[in-house]
Amino acid sequence: MARKKTLAYKEAAGHFVKRAQKYNSSSQWVDDAGLIGKIRNLVNVGHEARVLDIAIGTGKIAQAFYGQVKYVVGVDICKDMVCQARRCADQIVLALAERLPFKNNTFDVCVCRQGLQFMDIKAVLSEIFRVLKFGGHALSCHLTAYAEEDQNETFYIQRLRNPARKNFFLPGDIQRLMREHNFSGIDYFEYITRESVNQWINNAAIDGTQRMKIREAYINSSELFRKLHAIEFKNGDIFDSMKMVIVKAKKSNGG
(Lines give C-alpha, C1' and ligand atoms only; values in the text may rest on other atoms or scores of the structure.)
Protein backbone atom coordinates (compact mmCIF):
# COMPACT_ATOMS: atom_id res chain seq x y z
CA MET A 1 0.00 0.00 0.00
CA ALA A 2 2.84 2.41 0.84
CA ARG A 3 4.44 1.74 -2.55
CA LYS A 4 1.10 2.39 -4.26
CA LYS A 5 0.77 5.73 -2.47
CA THR A 6 4.34 6.70 -3.37
CA LEU A 7 3.60 6.05 -7.03
CA ALA A 8 0.47 8.19 -6.80
CA TYR A 9 2.43 11.09 -5.31
CA LYS A 10 5.13 10.79 -7.97
CA GLU A 11 2.45 10.82 -10.66
CA ALA A 12 0.85 13.97 -9.24
CA ALA A 13 4.20 15.73 -8.82
CA GLY A 14 5.24 14.75 -12.34
CA HIS A 15 1.99 16.08 -13.75
CA PHE A 16 2.57 19.50 -12.20
CA VAL A 17 6.23 19.63 -13.19
CA LYS A 18 4.94 19.62 -16.78
CA ARG A 19 2.27 22.21 -16.02
CA ALA A 20 4.30 24.59 -13.88
CA GLN A 21 5.38 27.17 -16.46
CA LYS A 22 1.93 27.47 -18.05
CA TYR A 23 -0.15 26.94 -14.93
CA ASN A 24 -1.21 30.54 -14.33
CA SER A 25 -2.63 30.83 -17.84
CA SER A 26 -4.13 27.33 -18.01
CA SER A 27 -7.55 28.24 -16.57
CA GLN A 28 -9.62 31.35 -16.08
CA TRP A 29 -10.22 30.50 -12.40
CA VAL A 30 -6.51 30.42 -11.51
CA ASP A 31 -6.15 34.20 -11.49
CA ASP A 32 -9.84 35.12 -11.09
CA ALA A 33 -9.89 38.15 -8.77
CA GLY A 34 -13.57 37.60 -7.96
CA LEU A 35 -13.00 34.01 -6.85
CA ILE A 36 -9.82 34.82 -4.93
CA GLY A 37 -11.51 37.74 -3.22
CA LYS A 38 -14.46 35.59 -2.21
CA ILE A 39 -12.16 33.00 -0.65
CA ARG A 40 -10.24 35.72 1.20
CA ASN A 41 -13.39 37.42 2.48
CA LEU A 42 -14.99 34.19 3.67
CA VAL A 43 -12.20 33.79 6.22
CA ASN A 44 -12.09 37.34 7.49
CA VAL A 45 -9.19 37.01 9.91
CA GLY A 46 -7.13 39.66 11.69
CA HIS A 47 -3.53 40.76 11.43
CA GLU A 48 -2.35 38.21 14.02
CA ALA A 49 -3.67 35.18 12.12
CA ARG A 50 -1.53 32.31 10.89
CA VAL A 51 -2.66 30.91 7.53
CA LEU A 52 -1.79 27.59 5.89
CA ASP A 53 -2.28 27.20 2.12
CA ILE A 54 -2.35 23.52 1.20
CA ALA A 55 -1.30 22.85 -2.42
CA ILE A 56 -0.04 26.42 -2.67
CA GLY A 57 0.98 25.92 -6.30
CA THR A 58 2.00 29.25 -7.81
CA GLY A 59 0.75 31.13 -4.76
CA LYS A 60 -2.37 32.92 -5.97
CA ILE A 61 -4.41 32.18 -2.82
CA ALA A 62 -1.53 32.68 -0.38
CA GLN A 63 -0.85 36.03 -1.99
CA ALA A 64 -4.34 37.24 -1.00
CA PHE A 65 -3.38 36.80 2.68
CA TYR A 66 0.32 37.65 2.55
CA GLY A 67 1.17 40.91 4.24
CA GLN A 68 -2.30 41.18 5.78
CA VAL A 69 -1.87 38.49 8.43
CA LYS A 70 0.94 37.53 10.77
CA TYR A 71 2.27 34.51 8.89
CA VAL A 72 1.44 32.60 5.70
CA VAL A 73 2.78 29.10 5.10
CA GLY A 74 2.40 27.17 1.87
CA VAL A 75 2.66 23.39 1.43
CA ASP A 76 3.09 21.57 -1.87
CA ILE A 77 4.85 18.55 -3.37
CA CYS A 78 6.04 20.20 -6.60
CA LYS A 79 9.17 22.33 -6.43
CA ASP A 80 8.64 23.63 -9.97
CA MET A 81 5.28 25.09 -8.98
CA VAL A 82 6.25 26.67 -5.67
CA CYS A 83 9.30 28.41 -7.08
CA GLN A 84 6.77 30.86 -8.54
CA ALA A 85 5.20 31.45 -5.10
CA ARG A 86 8.25 32.64 -3.18
CA ARG A 87 6.95 36.20 -2.87
CA CYS A 88 3.46 35.05 -1.89
CA ALA A 89 4.18 33.48 1.51
CA ASP A 90 6.45 33.78 4.52
CA GLN A 91 7.42 30.11 4.30
CA ILE A 92 7.00 27.33 1.75
CA VAL A 93 7.40 23.70 2.76
CA LEU A 94 7.74 20.76 0.38
CA ALA A 95 5.67 18.10 2.13
CA LEU A 96 2.70 15.80 1.77
CA ALA A 97 -0.58 17.27 2.95
CA GLU A 98 -1.37 13.85 4.39
CA ARG A 99 1.54 14.31 6.83
CA LEU A 100 1.77 18.00 7.64
CA PRO A 101 5.03 18.87 9.47
CA PHE A 102 3.35 21.21 11.96
CA LYS A 103 2.31 21.00 15.59
CA ASN A 104 -1.26 20.63 16.76
CA ASN A 105 -3.37 23.80 16.98
CA THR A 106 -0.99 25.97 14.93
CA PHE A 107 -3.11 27.77 12.33
CA ASP A 108 -6.13 30.04 12.38
CA VAL A 109 -7.02 29.23 8.76
CA CYS A 110 -6.29 26.34 6.40
CA VAL A 111 -7.12 26.91 2.74
CA CYS A 112 -7.00 24.43 -0.12
CA ARG A 113 -8.00 25.33 -3.67
CA GLN A 114 -7.98 22.57 -6.28
CA GLY A 115 -5.73 20.22 -4.33
CA LEU A 116 -7.91 17.56 -2.72
CA GLN A 117 -8.55 15.76 -6.00
CA PHE A 118 -4.92 14.59 -5.97
CA MET A 119 -4.79 13.52 -2.31
CA ASP A 120 -5.96 11.01 0.24
CA ILE A 121 -8.84 13.23 1.35
CA LYS A 122 -9.56 11.55 4.66
CA ALA A 123 -5.93 11.77 5.72
CA VAL A 124 -5.69 15.42 4.66
CA LEU A 125 -8.87 16.45 6.47
CA SER A 126 -7.63 14.73 9.62
CA GLU A 127 -4.38 16.66 9.35
CA ILE A 128 -6.16 19.97 8.71
CA PHE A 129 -8.32 19.39 11.78
CA ARG A 130 -5.22 18.58 13.82
CA VAL A 131 -3.18 21.65 12.87
CA LEU A 132 -6.07 24.13 13.13
CA LYS A 133 -6.55 26.02 16.35
CA PHE A 134 -9.86 25.60 18.14
CA GLY A 135 -12.20 28.09 16.51
CA GLY A 136 -10.08 28.07 13.35
CA HIS A 137 -11.54 27.70 9.87
CA ALA A 138 -10.88 25.34 6.97
CA LEU A 139 -11.86 26.45 3.48
CA SER A 140 -11.77 24.36 0.32
CA CYS A 141 -12.57 25.30 -3.27
CA HIS A 142 -12.86 22.64 -5.95
CA LEU A 143 -14.40 21.88 -9.33
CA THR A 144 -17.42 19.59 -9.17
CA ALA A 145 -20.05 18.18 -11.46
CA TYR A 146 -23.37 20.00 -11.33
CA ALA A 147 -25.27 16.94 -10.14
CA GLU A 148 -25.48 13.18 -10.56
CA GLU A 149 -27.03 13.73 -14.00
CA ASP A 150 -23.85 15.17 -15.53
CA GLN A 151 -21.22 13.45 -13.40
CA ASN A 152 -20.24 10.76 -15.92
CA GLU A 153 -19.51 13.25 -18.69
CA THR A 154 -17.94 15.81 -16.36
CA PHE A 155 -15.68 13.28 -14.65
CA TYR A 156 -14.67 11.72 -17.98
CA ILE A 157 -13.49 15.13 -19.23
CA GLN A 158 -11.77 15.96 -15.95
CA ARG A 159 -9.96 12.61 -16.00
CA LEU A 160 -8.66 13.22 -19.53
CA ARG A 161 -7.44 16.69 -18.63
CA ASN A 162 -5.83 15.65 -15.32
CA PRO A 163 -4.62 12.04 -15.53
CA ALA A 164 -3.12 12.37 -12.02
CA ARG A 165 -6.56 13.14 -10.54
CA LYS A 166 -7.69 10.58 -7.95
CA ASN A 167 -10.94 12.09 -6.70
CA PHE A 168 -14.01 13.50 -8.42
CA PHE A 169 -16.63 15.53 -6.58
CA LEU A 170 -20.34 16.08 -6.56
CA PRO A 171 -21.47 19.33 -4.88
CA GLY A 172 -22.18 17.78 -1.46
CA ASP A 173 -19.16 15.49 -1.15
CA ILE A 174 -16.71 17.76 0.65
CA GLN A 175 -19.34 19.02 3.11
CA ARG A 176 -20.15 15.41 4.02
CA LEU A 177 -16.49 14.53 4.47
CA MET A 178 -15.91 17.55 6.69
CA ARG A 179 -18.84 16.56 8.91
CA GLU A 180 -17.38 13.06 9.16
CA HIS A 181 -14.09 14.60 10.34
CA ASN A 182 -15.71 16.57 13.17
CA PHE A 183 -15.86 19.98 11.51
CA SER A 184 -18.88 22.12 12.39
CA GLY A 185 -20.56 25.31 11.15
CA ILE A 186 -20.26 24.13 7.56
CA ASP A 187 -21.23 26.66 4.88
CA TYR A 188 -21.48 25.99 1.17
CA PHE A 189 -21.08 28.41 -1.74
CA GLU A 190 -21.16 27.92 -5.50
CA TYR A 191 -19.03 29.76 -8.03
CA ILE A 192 -19.37 29.45 -11.81
CA THR A 193 -16.23 29.95 -13.85
CA ARG A 194 -16.56 30.44 -17.60
CA GLU A 195 -13.71 28.53 -19.20
CA SER A 196 -12.29 28.42 -22.71
CA VAL A 197 -11.75 24.73 -23.40
CA ASN A 198 -8.89 25.52 -25.78
CA GLN A 199 -7.16 27.33 -22.90
CA TRP A 200 -8.17 24.74 -20.32
CA ILE A 201 -6.69 21.78 -22.22
CA ASN A 202 -3.49 23.59 -23.27
CA ASN A 203 -1.78 22.76 -19.98
CA ALA A 204 1.44 21.10 -21.28
CA ALA A 205 0.72 17.89 -19.34
CA ILE A 206 -1.51 16.09 -21.83
CA ASP A 207 -0.83 15.07 -25.40
CA GLY A 208 -2.72 15.76 -28.61
CA THR A 209 -4.71 12.56 -28.37
CA GLN A 210 -6.10 13.49 -24.97
CA ARG A 211 -6.89 17.01 -26.13
CA MET A 212 -8.71 15.61 -29.15
CA LYS A 213 -10.72 13.23 -26.94
CA ILE A 214 -11.78 16.13 -24.72
CA ARG A 215 -12.99 18.13 -27.69
CA GLU A 216 -14.83 15.07 -29.02
CA ALA A 217 -16.47 14.60 -25.62
CA TYR A 218 -17.88 18.13 -25.84
CA ILE A 219 -18.97 17.71 -29.45
CA ASN A 220 -20.76 14.44 -28.61
CA SER A 221 -22.07 15.57 -25.22
CA SER A 222 -25.67 15.08 -24.17
CA GLU A 223 -28.30 17.80 -24.36
CA LEU A 224 -28.52 17.82 -20.55
CA PHE A 225 -24.76 18.32 -20.18
CA ARG A 226 -24.79 21.16 -22.70
CA LYS A 227 -27.66 22.85 -20.91
CA LEU A 228 -26.19 22.57 -17.40
CA HIS A 229 -22.76 23.75 -18.53
CA ALA A 230 -24.08 26.39 -20.95
CA ILE A 231 -21.80 24.91 -23.62
CA GLU A 232 -21.04 27.26 -26.52
CA PHE A 233 -19.12 26.45 -29.70
CA LYS A 234 -17.58 29.63 -31.06
CA ASN A 235 -14.69 30.54 -33.38
CA GLY A 236 -13.07 27.12 -33.10
CA ASP A 237 -13.29 27.13 -29.31
CA ILE A 238 -15.67 25.60 -26.77
CA PHE A 239 -16.87 27.47 -23.69
CA ASP A 240 -17.95 25.65 -20.53
CA SER A 241 -19.51 27.15 -17.39
CA MET A 242 -17.80 24.95 -14.80
CA LYS A 243 -19.09 24.70 -11.25
CA MET A 244 -16.78 25.25 -8.30
CA VAL A 245 -17.90 24.57 -4.74
CA ILE A 246 -16.44 26.54 -1.84
CA VAL A 247 -16.85 24.94 1.58
CA LYS A 248 -16.11 26.73 4.84
CA ALA A 249 -16.00 24.81 8.12
CA LYS A 250 -14.88 25.34 11.69
CA LYS A 251 -12.90 23.40 14.27
CA SER A 252 -15.16 23.98 17.25
CA ASN A 253 -14.07 23.93 20.89
CA GLY A 254 -15.96 20.69 21.26
CA GLY A 255 -13.92 19.06 18.49
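Screening Gln114, Arg161, Gln199 for a side-chain hydrogen bond (donor to acceptor under 3.5 Å, both in side chains) involving Ser27 leaves a single residue, Arg161. Residue Gln117 forms a side chain to side chain contact (heavy atoms under 4.5 Å, CB included) with just one option from Lys166, His142, Gln158, and that option is His142. Residue Thr58 forms a side-chain hydrogen bond (donor to acceptor under 3.5 Å, both in side chains) with just one option from Asp76, Asn24, Asp31, and that option is Asn24.
With hydrogens and angles disregarded, no donor-acceptor distance shorter than 3.5 Å links the side chain of Lys251 to the backbone of Gly136. Remark: the backbone N or O of Ala62 is paired with a side-chain donor or acceptor of Asp53 at under 3.5 angstrom. A donor-acceptor pair is defined here as one N or O able to donate and one able to accept, closer than 3.5 Å; such a pair exists between the side chain of Gln84 and the backbone of Ala20. Distance alone, capped at 3.5 Å, is enough to place a donor-acceptor pair between the Asp32 side chain and the Leu35 backbone. Side-chain atoms of His137 never come within 3.5 Å of backbone atoms of Asp108 as a donor-acceptor pair (strictly under, hydrogens ignored). Of the possible donor and acceptor atoms, one in the side chain of Asn167 sits under 3.5 Å from a partner among the backbone N and O of Met119. Ser26 places a side-chain N or O within 3.5 Å of a backbone atom of Tyr23 that can act as its donor or acceptor partner. In this structure a side-chain-to-backbone donor-acceptor pair under 3.5 Å is present from Asp150 to Ala147. Using modelled atom types, one side-chain atom of Arg130 and one backbone atom of Phe102 make a donor-acceptor pair closer than 3.5 Å. A donor-acceptor distance shorter than 3.5 angstrom exists from the side chain of Glu98 to the backbone of Asp120, with no hydrogens or angles considered.
At a threshold of 4.5 Å between non-hydrogen side-chain atoms, the residues Val73 and Asp90 do not count as touching. Val245 is not listed as a side-chain neighbour of Phe169, based on a closest heavy-atom distance of 4.5 Å or more. The shortest distance between side-chain heavy atoms of Tyr191 and Trp29 does not fall below 4.5 Å. Side-chain contact check for Phe134 versus Ser252: every heavy-atom pair is 4.5 Å or farther apart. Using a 4.5 Å heavy-atom threshold, the side chains of Leu100 and Leu52 count as touching. The shortest distance between side-chain heavy atoms of Ser221 and His229 does not fall below 4.5 Å. Contact check for Ile206 versus Leu160: no side-chain heavy atoms found under the 4.5 Å cut-off. A heavy-atom distance below 4.5 Å is found between the side chains of Trp200 and Met242.
Cluster annotation: Leu228 and Leu170 are assigned to distinct hydrophobic clusters (Ile/Leu/Val/Met/Phe/Trp/Tyr, side-chain heavy-atom contacts under 4.5 Å, transitive). Placement of Tyr218 and Ile192 in two distinct hydrophobic clusters is found when ILVMFWY residues are connected by side-chain heavy-atom separations under 4.5 Å, directly or transitively. Linking Ile, Leu, Val, Met, Phe, Trp and Tyr whenever their side-chain heavy atoms come within less than 4.5 Å leaves Phe65 and Val82 in two separate clusters. Both Phe189 and Val109 are members of a single hydrophobic cluster when ILVMFWY side chains are connected at heavy-atom separations under 4.5 Å. Hydrophobic clustering places Ile121 together with Met178 (ILVMFWY residues linked when any side-chain heavy atoms are closer than 4.5 Å, directly or through intermediates).
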*Apply side chain to side chain contact (heavy atoms under 4.5 Å, CB included) to Lys60 and Cys88, showing your working.*
CA-CA 7 Å; Lys60 293 296 182 177; Cys88 302; over 6 Å; no
*How far apart are the C-alpha atoms of Asp237 and Val197, what are their side-chain angles, what is the distance that settles it, and do they pass the side chain to side chain contact (heavy atoms under 4.5 Å, CB included) test?*
CA-CA 7 Å; Asp237 201 350; Val197 172; 4.3 Å; yes
_Let's go through Glu190 and Lys243 carefully: what are the C-alpha distance in whole Å and the side-chain angles of both, what is the deciding distance for side chain to side chain contact (heavy atoms under 4.5 Å, CB included) to 0.1 Å, and is it a yes or a no?_
CA-CA 7 Å; Glu190 293 183 356; Lys243 176 180 279 192; 3.1 Å; yes
*Would Phe225 and Ile231 satisfy side chain to side chain contact (heavy atoms under 4.5 Å, CB included), going step by step from the backbone distance to the final call?*
CA-CA 8 Å; Phe225 179 88; Ile231 299 300; 3.9 Å; yes
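Counting all heavy atoms, side chain and backbone alike, Ala204 lies closest to Lys22 at CB-CD, 3.8 Å. Here the closest non-hydrogen pair linking Ala164 and Phe118 is O-CD2, 3.6 Å. The shortest heavy-atom contact between Ala230 and Arg194 is O-NH1, 2.6 Å. Counting all heavy atoms, side chain and backbone alike, Ile36 lies closest to Ala64 at CG2-CB, 3.7 Å. Pairing each heavy atom of Gly74 with each of Ile56, the nearest pair is CA-CD1, 3.7 Å. Nearest heavy atoms, Ala217 versus Ile157: CB-CG1, 3.8 Å.
The distance from atom NZ of Lys122 to atom NE2 of His181, rounded to the nearest 0.5 Å, is 6.5 Å. For the atom pair OG (Ser140) and CD1 (Ile174), the distance works out to 4.0 Å, reported to the nearest 0.5 Å. Atoms CD1 and CG, from Ile77 and Leu96 in turn, are 6.5 Å apart once rounded to the nearest 0.5 Å. To the nearest 0.5 Å, atoms CG (Leu143) and CG (Asn162) are separated by 9.0 Å. Note that the CG atom of Asn203 and the CD atom of Gln21 stand 13.5 Å from one another [nearest 0.5 Å]. For the atom pair OG of Ser241 and CD of Glu195, the computed distance is 9.0 Å after rounding to the nearest 0.5 Å.
Ion pairing between a basic and an acidic side chain is recognised when a charged N comes within 4.0 Å of a carboxylate O; Lys248 and Asp187 show no such pairing. By the 4.0 Å N-to-carboxylate-O rule, Asp173 lies close enough to Arg176 to be salt-bridged with it. Using a 4.0 Å cut-off between charged nitrogen and carboxylate oxygen, Glu153 and Arg226 do not count as a salt-bridge pair.
Counting heavy atoms of neighbouring residues, nucleotides and ligands inside a 6.0 Å radius, atom CD of Gln91 exceeds 12 of them. Within a 6.0 Å radius of NZ in Lys133, other residues, nucleotides and ligands contribute more than 12 heavy atoms. Atom CD of Glu180 has more than 12 heavy atoms from other residues, nucleotides or ligands within 6.0 Å.
Note: Phe155 and Phe168 have tilted aromatic rings, judged against thresholds of 30 and 60 degrees for the angle between ring planes.
A side-chain donor-acceptor contact under 3.5 Å links Arg215 and Asn198.
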